[in-house]
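Keep in mind that the numbers below use all heavy atoms, side chains included, and drop hydrogens, waters and symmetry copies.
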Amino acid sequence: MKHVRMHLVVAAVVAVLSVASNARADGFFVPWIGVDTGGRTTSSAIDFGANVGSTLAGVVGVDFDFGYSPDFFGSTLDSYVLTAMGNV
């Protein structure tokens, strides 16, 4: 009987958590972090950046992506990669 009750409780929790909510696309902020891999010239420096976006007047969407990779070509060179991209 305890197993049946436990299954019912789990099913009830899953059912409550599965209820859909209204979707909204007002704005977002997504930070990210990563490392360079794939070649002998890449370093293990930590890369970071963020994506930011919003909806203007409920019709037009805009977003911006920024990324920074320090010491991209290894510690023997003073190098970095900076990326920026915007979309409408």
Side-chain angles (χ1 to χ4, degrees):
M1 192 66 174
K2 282 185 176 183
H3 291 341
V4 172
R5 255 189 259 157
M6 180 59 84
H7 289 294
L8 288 175
V9 168
V10 169
V13 168
V14 169
V16 168
L17 294 177
S18 298
V19 174
S21 63
N22 292 336
R24 296 184 192 143
D26 296 332
F28 64 90
F29 173 75
V30 182
W32 57 266
I33 189 168
V35 295
D36 300 326
T37 61
R40 63 183 180 88
T41 60
T42 58
S43 69
S44 61
I46 295 177
D47 308 333
F48 58 90
N51 300 324
V52 181
S54 183
T55 302
L56 305 176
V59 179
V60 178
V62 296
D63 64 278
F64 181 74
D65 175 59
F66 169 80
Y68 178 71
S69 301
D71 197 25
F72 186 74
F73 291 110
S75 59
T76 58
L77 296 171
D78 185 22
S79 62
Y80 64 91
V81 173
L82 181 68
T83 61
M85 181 177 69
N87 294 304
V88 176

Q: Take Asp63 and Asn51 through the side-chain contact (heavy atoms from CB on, under 4.5 Å) test and state the conclusion after the steps.
A: CA-CA 7 Å; Asp63 64 278; Asn51 300 324; over 6 Å; no

Quick one, [X] and [Y] - any side-chain contact, counting heavy atoms below 4.5 Å?
X	Y	result
Ile33	Asp47	no
Leu17	Val13	yes
Ser69	Thr83	no
Val62	Asn87	no

Q.
I need the minimum non-hydrogen distance between Ser54 and Phe28, along with the two atoms involved.
A. N-CE2, 4.4 Å

(Q) For Tyr80, is the OH atom crowded, meaning more than 12 foreign heavy atoms sit under 6.0 Å from it? (A) no

Q: Give a yes or no on whether Tyr68 and Val30 share a hydrophobic cluster (residues Ile, Leu, Val, Met, Phe, Trp, Tyr; joining criterion: side-chain heavy atoms under 4.5 Å apart).
A: no

**Q.** Rounded distance [0.5 Å steps], CH2 in Trp32 versus CZ in Phe66
**A.** 8.5 Å

